[in-house]
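Down below is the structure, laid out as structure tokens.
Being a predicted model, the structure only gives us computed values, none of them experimental. Throughout, residue positions are numbered sequentially from 1 according to the sequence presented.
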Amino acid sequence: MKYHPIDRQLYIKNRAKFTAQMKPNSVAVFNSNDIYPVSADSTLPFAQHRDILYLSGVDQEESILLLFPDAPYENQREILFLKETSAHIAVWEGEKLTKERAFEVSGIKTVYWLTDFHKVLNEMMTYCDTIYINTNEHYRAVVETETREARFVKWWKEKYPAHQVAKSNPILQRIRSVKESEELDLIQNACDITEKGFRRLLSFVKPNVMEYEIEAELIHEFVRNRSRGFAYTPIIASGNNANVLHYIENNQQCKAGDLILLDVAAEYANYSSDLTRTIPVSGRYSDRQKAVYNAVLNVKNEATKMLVPGTLWKQYHLEVGKIMTSELLGLGLIDKADVQNENPEWPAYKKYFMHGTSHHMGLDTHDYGLLHEPIKANMVFTVEPGIYIPAEGFGIRLEDNVVVQESGAPFNLMRNIPIEIDEIEGLMH
């Protein structure tokens, strides 16, 4: 890992929050992700399952965490199972966690090699009544590949059919969505690395630069600051490409007079940041581009104020829609008749702003959080309105990451990243 060590107290706190909500006499099991094959002997880079990472800090393949808070013996209440390391593995793959190092990372004293898992689990099953299985219930999830977690669930159900089953995910959705101070620091670090990348771009962008050259500048700055790279697939969309919401080809030339929509951000220690800025290729916005830009900025600023404890997700988006409607009327993109005759299921403003304004953010870019429950302090959200005008050849989106506070306006983790027109134009010249 490129990132600095993280204090194990974070993972001790996270486990305590999870186990406090478990049923009496129950076990919970969490598996690491697989390393996924590409072809021949090549694989995708390993990315740890966020749940086992959140609860243990173990950022390594073939790892299992078992939690049994009511176990009859103290050394059975938290157990890690790791792939056994060796001198041979250290030479060919690099150093893996030893039992001693695993304790330093996680705060878990009982560590076995993976070969002991079935024997130990069998003993735990004789003591417990319920097992918590970890299914992916995120509202955006579309999973077509059988995961290591899914294979374990299938095997476990066949092996232990008499036990009751409970779900880990609802607990994790709630506790992962409210961040500890250590997590906020890690997200802030990701945002600070993103800032360095963005500022690098402002002096680099000029007419005829290629979108992929901008991508290369960003990855250089991210990695040299201990990031593994992009928190998600980067969007570097010049001209009309900005009107394709998930444009990721990044292979076109940036032309004089056009805008570039940059939805690009760094990760740090597996925590995401999520930035969008829209900058002028030639270093100056036209009057029309300025008018639309300031409209988007106003929606973002007003929407941010609404992210306070107790706010309901659906109501928040309805209110943002009203602000966007007002801005679009002012820009002449819609008129009063459009609003009067709109379909409530697809309001008039959706022609130019068709996506949501905010999502939870943290270990995942689209992080855990139950949308039907009120917003709480220390949740982290994006705020990302946009206006997309294919007929005029540009689209503008602006996005910051904010922390909900107990009282007052949210705290902007991207407060130092240029966003005002004057500052961006000043830095580009």
Side-chain angles (χ1 to χ4, degrees), residues 1-4 45 47 184-238 241-242 246-254 258-283 285 293 297 300 361-367 380 382-384 386 395-403 412-421 423-429:
M1 281 73 73
K2 296 181 177 70
Y3 56 88
H4 291 289
L184 296 175
D185 289 343
L186 292 167
I187 298 170
Q188 181 68 75
N189 201 346
C191 292
D192 293 345
I193 295 170
T194 298
E195 178 191 353
K196 291 176 181 178
F198 181 66
R199 287 184 180 276
R200 181 185 179 109
L201 289 185
L202 292 178
S203 59
F204 174 78
V205 168
K206 57 188 180 299
N208 302 321
V209 71
M210 302 299 290
E211 292 167 346
Y212 55 75
E213 291 181 282
I214 297 172
E215 183 176 343
E217 293 295 305
L218 286 164
I219 195 67
H220 177 103
E221 197 65 31
F222 292 173
V223 173
R224 72 193 292 259
N225 283 284
R226 290 184 174 268
S227 169
R228 189 169 53 195
F230 292 102
Y232 50 89
T233 306
I235 297 169
I236 301 168
S238 62
N241 295 334
H246 291 111
Y247 171 82
I248 57 172
E249 283 78 9
N250 303 343
N251 62 3
Q252 298 299 302
Q253 192 174 60
C254 302
D258 277 351
L259 299 179
I260 311 171
L261 189 156
L262 302 154
D263 192 336
V264 290
E267 69 82 54
Y268 179 77
N270 294 288
Y271 282 84
S272 292
S273 59
D274 191 354
L275 174 80
T276 308
R277 292 292 186 267
T278 307
I279 65 174
V281 174
S282 303
Y285 298 89
Y293 189 104
L297 183 57
K300 188 189 80 70
M361 201 191 73
L363 276 170
D364 288 296
T365 304
H366 299 132
D367 205 27
V380 179
T382 64
V383 189
E384 50 180 308
I396 294 173
R397 181 165 68 249
L398 300 172
E399 176 182 20
D400 282 335
N401 306 153
V402 302
V403 185
N412 189 354
L413 296 167
M414 293 181 159
R415 62 203 174 279
N416 296 323
I417 303 180
I419 194 168
E420 297 289 343
I421 285 174
E423 186 177 7
I424 288 174
E425 288 186 339
L427 289 166
M428 294 187 76
H429 278 84

Mind checking what makes salt bridge (Lys or Arg N to Asp or Glu O under 4.0 Å) contact with E215, not counting sequence neighbours?
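For E215 there are no salt bridge (Lys or Arg N to Asp or Glu O under 4.0 Å) partners, ignoring immediate neighbours.
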With sequence neighbours left out, what residues match E425 under salt bridge (Lys or Arg N to Asp or Glu O under 4.0 Å)?
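E425 satisfies salt bridge (Lys or Arg N to Asp or Glu O under 4.0 Å) with no residue once adjacent residues are dropped.
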To the closest 0.5 Å, what do you measure between [atom1] ([X]) and [atom2] ([Y])?
X	Y	atom1	atom2	result
S272	L363	OG	CG	8.0 Å
L262	T278	CG	OG1	7.0 Å
L275	L413	CG	CG	12.0 Å
T276	I419	OG1	CD1	9.5 Å
F230	L218	CZ	CG	5.0 Å
N241	I236	CG	CD1	11.0 Å

Check: [X] side chain, [Y] main-chain N or O, donor-acceptor pair, under 3.5 Å:
X	Y	answer
Y232	V264	yes
E267	R228	yes
R277	R397	no
R226	Y3	no

Hey, are the side chains of [X] and [Y] touching, using non-hydrogen atoms and a 4.5 Å cut-off?
X	Y	result
N225	Y268	no
I424	Y285	yes
P418	F198	yes
C254	I214	yes
V383	D400	no
I260	E211	no
Q188	Y271	no

Distance-minimising heavy-atom pair for [X] and [Y]:
X	Y	answer
T194	S273	OG1-OG, 2.8 Å
G229	I219	CA-CD1, 3.6 Å
S238	Q252	OG-CB, 4.5 Å
E195	N416	OE2-O, 3.3 Å
R199	E423	NH2-OE2, 4.1 Å
N401	C191	OD1-SG, 3.7 Å

Taking only residues two or more places apart in sequence, or in another chain, which ones meet [X] in a side-chain contact (heavy atoms from CB on, under 4.5 Å)?
X	result
D258	K255, V281
Y212	M210
S282	P207, A256

Show the numbers, then the answer: is there a side chain to side chain contact (heavy atoms under 4.5 Å, CB included) between Y293 and L398?
CA-CA 8 Å; Y293 189 104; L398 300 172; 3.5 Å; yes
Salt-bridge present (E217, R200; N to O < 4.0 Å):
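So E217 pairs with R200 through a salt bridge.
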Can you tell me if NE2 on H246 sees more than 12 non-hydrogen neighbours from other groups inside 6.0 Å?
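Result for NE2/H246: open.
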Of all residues at least two apart in sequence or in a different chain, which pass the side chain to side chain donor-acceptor pair (under 3.5 Å) check with D364?
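Testing D364 for side chain to side chain donor-acceptor pair (under 3.5 Å), a comparison that skips the adjacent residues, returns R176.
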